[in-house]
Undergrad: 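Have a look at this one before I ask anything.
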Amino acid sequence: MVRRRVLSASADTAGVPEAASSTRTVLTGIVRVDRTSLDSPAQQIHQCIARAIQDGRLVPGTRLPTVRALAAEVEVAVNTVAKAFRRLGEAGLVITRGRAGTVVAPLDTAGTRAERAARAYATTVAELGYDAQAASRLLAAVYDEAAASVGSD
C-alpha cells in the first residue's frame, strides 16, 4: 500500500479571525510549475500562491508547507521554493517565522501598499530638498524601468 503525503497548511490562530483558525488548505492544485513557461519556476510558484492569497483560497494565518515539502511536491529544488517564499515575504503576502514556518500575512491591499510607498518616497525627496515637480519628474524617469523589471526574473 502506498501512502500519499498531502501538503496542507493549517491556520496559525494568532491574530486570525475565528473562522480562519479552523481552515485547512491543500496546496496541491494551487501550485503548478509549467516547465515550458518562460517564467522561472520560482516566479510561477510566487504567482500561484499570490493569486491564491488574493482570491481568498489562502486566508490570513494559513500555514504554508515547508520549502522542502513544497519542493518535493512540485519537483523543484528547495532553493527555488525558498526564492519564491522570499519574494512573497518581500511583497508582504506571507510572514516567515524561521523554524516556526511561513504563514499568509494579514491582507494588505495594493492601494494601501502603494500609498505607503508613495508617502515614504515623498518624505525622502522632501528631506532631500526636492519640490513636488522635481520629485514627479524623478519618479517618471525611473518608473518605466522599474515596471519593466517587475516579473522579469
Side-chain angles (χ1 to χ4, degrees), residues 1-127 139 142-153:
M1 181 162 136
V2 176
R3 287 188 177 176
R4 183 167 182 223
R5 184 173 177 186
V6 177
L7 292 178
S8 65
S10 61
D12 181 332
T13 58
V16 177
E18 191 66 35
S21 67
S22 62
T23 303
R24 293 183 60 80
T25 305
V26 176
L27 290 185
T28 302
I30 291 176
V31 177
R32 293 188 178 107
V33 174
D34 178 0
R35 307 257 185 243
T36 64
S37 174
L38 295 177
D39 293 331
S40 70
Q43 187 173 2
Q44 291 179 58
I45 293 166
H46 171 270
Q47 290 169 346
C48 289
I49 294 173
R51 266 194 301 274
I53 291 169
Q54 291 163 349
D55 69 19
R57 288 179 289 157
L58 294 175
V59 298
T62 302
R63 187 173 175 158
L64 299 181
T66 65
V67 292
R68 289 180 189 275
L70 186 54
E73 178 69 19
V74 296
E75 298 177 342
V76 297
V78 171
N79 285 338
T80 300
V81 175
K83 184 175 185 179
F85 278 22
R86 257 192 320 276
R87 288 181 180 169
L88 289 163
E90 290 166 358
L93 296 172
V94 300
I95 300 167
T96 300
R97 299 177 177 152
R99 296 184 67 81
T102 302
V103 297
V104 175
L107 289 180
D108 187 14
T109 65
T112 304
R113 289 179 46 218
E115 183 178 341
R116 270 200 315 268
R119 286 184 188 281
Y121 173 73
T123 299
T124 300
V125 295
E127 289 171 351
L139 179 60
V142 298
Y143 177 82
D144 289 336
E145 181 182 329
S149 71
V150 172
S152 66
D153 293 344

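All residue numbers in this chain count up from 1 along the given sequence.
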Undergrad: For V81, which of I49, V31, V67 qualifies under side chain to side chain contact (heavy atoms under 4.5 Å, CB included)?
TA: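 Exactly one candidate clears the test, V67.
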
Undergrad: Which residues pass the side chain to side chain donor-acceptor pair (under 3.5 Å) test with T96, sequence neighbours left out?
TA: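 Only T102 meet the side chain to side chain donor-acceptor pair (under 3.5 Å) criterion with T96.
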
Undergrad: Taking salt bridge (Lys or Arg N to Asp or Glu O under 4.0 Å) as the cut-off, I'd like each qualifying pair that reaches into residues 41-51, sequence neighbours left out, listed once.
TA: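 Not a single pair qualifies under salt bridge (Lys or Arg N to Asp or Glu O under 4.0 Å).
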
Undergrad: Considering only heavy atoms from C-beta outward, does the side chain of V33 approach that of C48 to under 4.5 Å?
TA: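 Not touching, per the 4.5 Å side-chain cut-off.
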
Undergrad: For the CG atom of L58 and the CG atom of L93, what is their distance to the nearest 0.5 Å?
TA: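 Taking CG in L58 and CG in L93, the distance rounds to 10.5 Å.
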
Undergrad: To the closest 0.5 Å, what do you measure between CZ (R35) and CD (E75)?
TA: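 So the CZ of R35 and the CD of E75 are separated by 6.5 Å.
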
Undergrad: What verdict does the side-chain contact (heavy atoms from CB on, under 4.5 Å) test give for I45 and L70, after you've listed the backbone C-alpha separation in whole Å, the side-chain angles of each residue and the deciding distance to 0.1 Å?
TA: CA-CA 10 Å; I45 293 166; L70 186 54; 4.3 Å; yes

Undergrad: Please name the pair of heavy atoms, one in A42 and one in A84, separated by the smallest distance, quoted to 0.1 Å.
TA: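 So the minimum-distance heavy-atom pair works out to O-CB, 3.4 Å.
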
Undergrad: Output the distance between atom CD (Q47) and atom CG (L88), rounded to the nearest 0.5 Å.
TA: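 One gets 10.5 Å once the value is rounded to the nearest 0.5 Å.
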
Undergrad: Minimum heavy-atom separation for A105 and P60, please, with both atom names.
TA: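 What the structure gives for the nearest pair is O-CB, 3.7 Å.
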
Undergrad: Would you sort out whether V94 and I53 count as a side-chain contact (heavy atoms from CB on, under 4.5 Å), showing the intermediate values?
TA: CA-CA 9 Å; V94 300; I53 291 169; 4.1 Å; yes

Undergrad: Side-chain contact test, heavy atoms from C-beta onward, threshold under 4.5 Å: evaluate it for S37 versus Q44 and give yes or no.
TA: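 Yes, at least one pair of side-chain atoms sits under 4.5 Å.
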
Undergrad: Can you tell me how far the OG1 atom of T66 sits from the CD atom of E73, to the nearest 0.5 Å?
TA: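 Answer rounded to 0.5 Å: 11.0 Å.
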
Undergrad: Could you report the tightest heavy-atom contact between R87 and S40, atom names first, then the distance?
TA: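 Looking at all heavy atoms of both residues, the shortest contact is NH1-OG, 4.3 Å.
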
Undergrad: For residues P41 and T80, report the shortest heavy-atom separation together with the two atoms involved.
TA: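 Looking at all heavy atoms of both residues, the shortest contact is CB-CG2, 3.7 Å.
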
Undergrad: Can you name the residues that form a side chain to side chain donor-acceptor pair (under 3.5 Å) with R119, not counting sequence neighbours?
TA: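 Here the qualifying residues are E115.
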
